[in-house]
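Scroll down for the structure; my scribbles are underneath it.
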Protein chains: 2
Amino acid sequence: MANIKEVADLAGCSIATVSRHVNGAAPISVEVRARIEAAILQTGYRPSEIGRSLKRQATRTLGIVVPSLTNPVFALSVSGFQAVARRHGYNVLIATSDYDPAIEAEAVETFLGQSVDGLALTVCDSLSSPALATIDAGGKPNVLLFNQADMPGRQAVTVDNIEAARAMTDAILAEGHRRIVFLAGRFAASDRSRLRYRGFAAALAQAGLKPPLPLELDFLDATPDAALQPLLGGENRPTALFCSNDVLALGVIGALKRLGARVPDDMSVVGFDGIDLGQMVEPTLCTVSQPARAMGELACERLLATIRSTPEAATDAARFLAFDIRRGGSLGPAPRVVAAIGAGQDLQRDNTTPHNKRETA
Amino acid sequence: MANIKEVADLAGCSIATVSRHVNGAAPISVEVRARIEAAILQTGYRPSEIGRSLKRQATRTLGIVVPSLTNPVFALSVSGFQAVARRHGYNVLIATSDYDPAIEAEAVETFLGQSVDGLALTVCDSLSSPALATIDAGGKPNVLLFNQADMPGRQAVTVDNIEAARAMTDAILAEGHRRIVFLAGRFAASDRSRLRYRGFAAALAQAGLKPPLPLELDFLDATPDAALQPLLGGENRPTALFCSNDVLALGVIGALKRLGARVPDDMSVVGFDGIDLGQMVEPTLCTVSQPARAMGELACERLLATIRSTPEAATDAARFLAFDIRRGGSLGPAPRVVAAIGAGQDLQRDNTTPHNKRETA
DNA sequence: CTGTTAGCGCGTTCAT
DNA sequence: ATGAACGCGCTAACAG
């Protein structure tokens, strides 16, 4: 690929003139301009962004690192982020951490080396992320996405996970449920899960109930059947499950069906995130919806504002976005009589526990 | 952020020595090495990848452009692509075209300016893509993803869309359906859709049936109810719908439910892609599954092979990957008696057309 | 209006 | 084992 010098030689002028033409930085005589344009066309010249970056000490590139792209909530946020970046003439480098803090840190290292102008991160744990410290040390503009701020002044685009989980838990309680279990993806991999559990526990405590410990599932496991089984036995079994995210919730609903439980008649299930998919399944998923695409967009806007050092961006750095408790068929009233659920227990169950239909509740 | 010169000054040596240390290019005396390491630690020095790129004329960055990230099939392929790239020490620039050839071309321009070492593309139409021509002109290593090759020698990672659609159509025919309609996303935005229609039409022709024209839907429209309505009236209505992709198929199934049709008893629906979501809905989606993540991985591997000019990569450039006809509940036997579907017609339908249960077929 | 030149950060040849 | 110097492609400051 041709460089600026070849174009200049071909056009019979200096490289400075070519540069000026390309950047429209100064008026050029008509004849020279024509020769330059011809030369550019002939050589297929395209200014090297890397040469420019070296000069200007900025790359017009942003980085974004998310745990995964297969979770629609992250894919959506990346989509929004990238759209805004493009609109502003910025490129986007992407990395997925696969919920691994080591990969996360490595990705940040690489991005800093690539001299991104700023980066957006959904880290595993904002409180213990080495990546965050590295970025701060370098003074790179950055914004957290989905994570809550780990310190005052940190830019973060997120909902208040504690409040959201508390509100959702209240909604579950309002349906008459008293034994509710919180199912989480691995806590180590998601500070969001932990915050949501805190909101859950707070709501239960406020209702005078003792919050049970969360049940940790590997939410990358497509078939959590075995892990769920112990929850279904006995008359003290839970009647509702609060899953820390929607992907987990959908997996759990599938498992429950296979294990012979009906949702929500035997067991209510709610999630967190508000992915579209939740509205396409039957029953629809009751969940806390957060505006993932808009969050990606906002993260990018704040990042760009920081890069241009527009000070107003920092003022509302950590203001929370609104969430929405989205009603769905997966949350029903608590059964009046509870019995164990299980493949071999259908007859017994049918004899002893007339199921509570929604119409009768 | 410190540069190599500051480190050299601090360590009391030349920048050449620092460079050699960082790159392990030559032996360094123990004392100097210690001073350099101290200086690096102290300054937080990180070699500038952009300086390196300028020197070495390669960026260790790949570009990938896909129509969207919200369609899981693309998100998965990007995920696989990125994972392989990372493993090989490459960064990934991402762009989404939103099914717009103009944005697509613009993205490619930007990537070329950014001096990516190679790029993977899912273009709207490989036959008419200006982007492809641009890339070829520049001689950049590239590989098509999901698109089939537009010319011999072009690298492409894809399934044989025509054959896959033909096989799926045969499966529909085998269930006794005779009036089948092909629903496509906007043809202009997807050459895959067009190829799949060709396979569909070929299968019908071979069965002695006249293939109806495809019905074009805007598959970004979440509620295709209105567009679908005309298909449901009359006794000559179709009994099966072949949707050009899974996202469309799920939207169509949702619309059918709202319009009072049961799937598959009143209407069978099949899709194309094999997204996970299709297995979580009820009924499960019958579809052609393609290994999206593996395709992204393979595309990246081929790209890297091309960049390193491993010649063997080119030999099987356009070999097709295997697809899988995935059975699912959304495809059932054709009803023996067909009647119009509609909100106001429930009674009439129930009187005149006893539904064909799967057990009785 | 145009050309000359310096320098962005780095790797690398050529000396020593 | 180390240093000096050049050049990768480009822009900007200065000269004319």
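Numbered from 1 within each chain, the chains take letters A, B, ... in sequence-line order.
For the pair B/S14 and D/dT2, the criterion of a side-chain N or O lying under 4.0 Å from OP1 or OP2 is not met. For C/dT2, one of the phosphate oxygens OP1 or OP2 lies less than 4.0 angstrom from a side-chain nitrogen or oxygen of A/S29. The phosphate of D/dT11 (OP1 or OP2) has a side-chain N or O of A/R52 nearer than 4.0 angstrom. Side-chain nitrogen and oxygen atoms of B/Q57 include none within less than 4.0 Å of the OP1 or OP2 phosphate oxygen of C/dG11. For C/dG11, the OP1/OP2 oxygens have a side-chain nitrogen or oxygen of B/S19 closer than 4.0 Å.
Atom CG of B/L112 is separated from atom C1' of D/dG9 by 17 Å (rounded to the nearest Å). Following rounding to the nearest Å, A/R56 (CZ) and C/dG9 (P) show an atom-to-atom distance of 14 Å. Taking atom CG of B/N3 as the reference point, atom P of C/dG9 lies 5 Å away to the nearest angstrom. Atom P of nucleotide C/dG3 and atom CD1 of A/I4 are separated by 12 Å, given to the nearest angstrom. Computed from coordinates, the B/E6 CD to C/dC10 C1' distance equals 14 Å when rounded to whole Å. Rounded to whole angstrom, the span from the CD1 atom of B/I15 across to the C1' atom of D/dG3 amounts to 10 Å.
Nucleic acid contact class of B/I50 (heavy atoms, under 4.0 Å, all strands): none.
Both B/R20 and A/Y45 lie near DNA chain D, and the one whose nearest nucleotide falls closer to the 5' end is B/R20.
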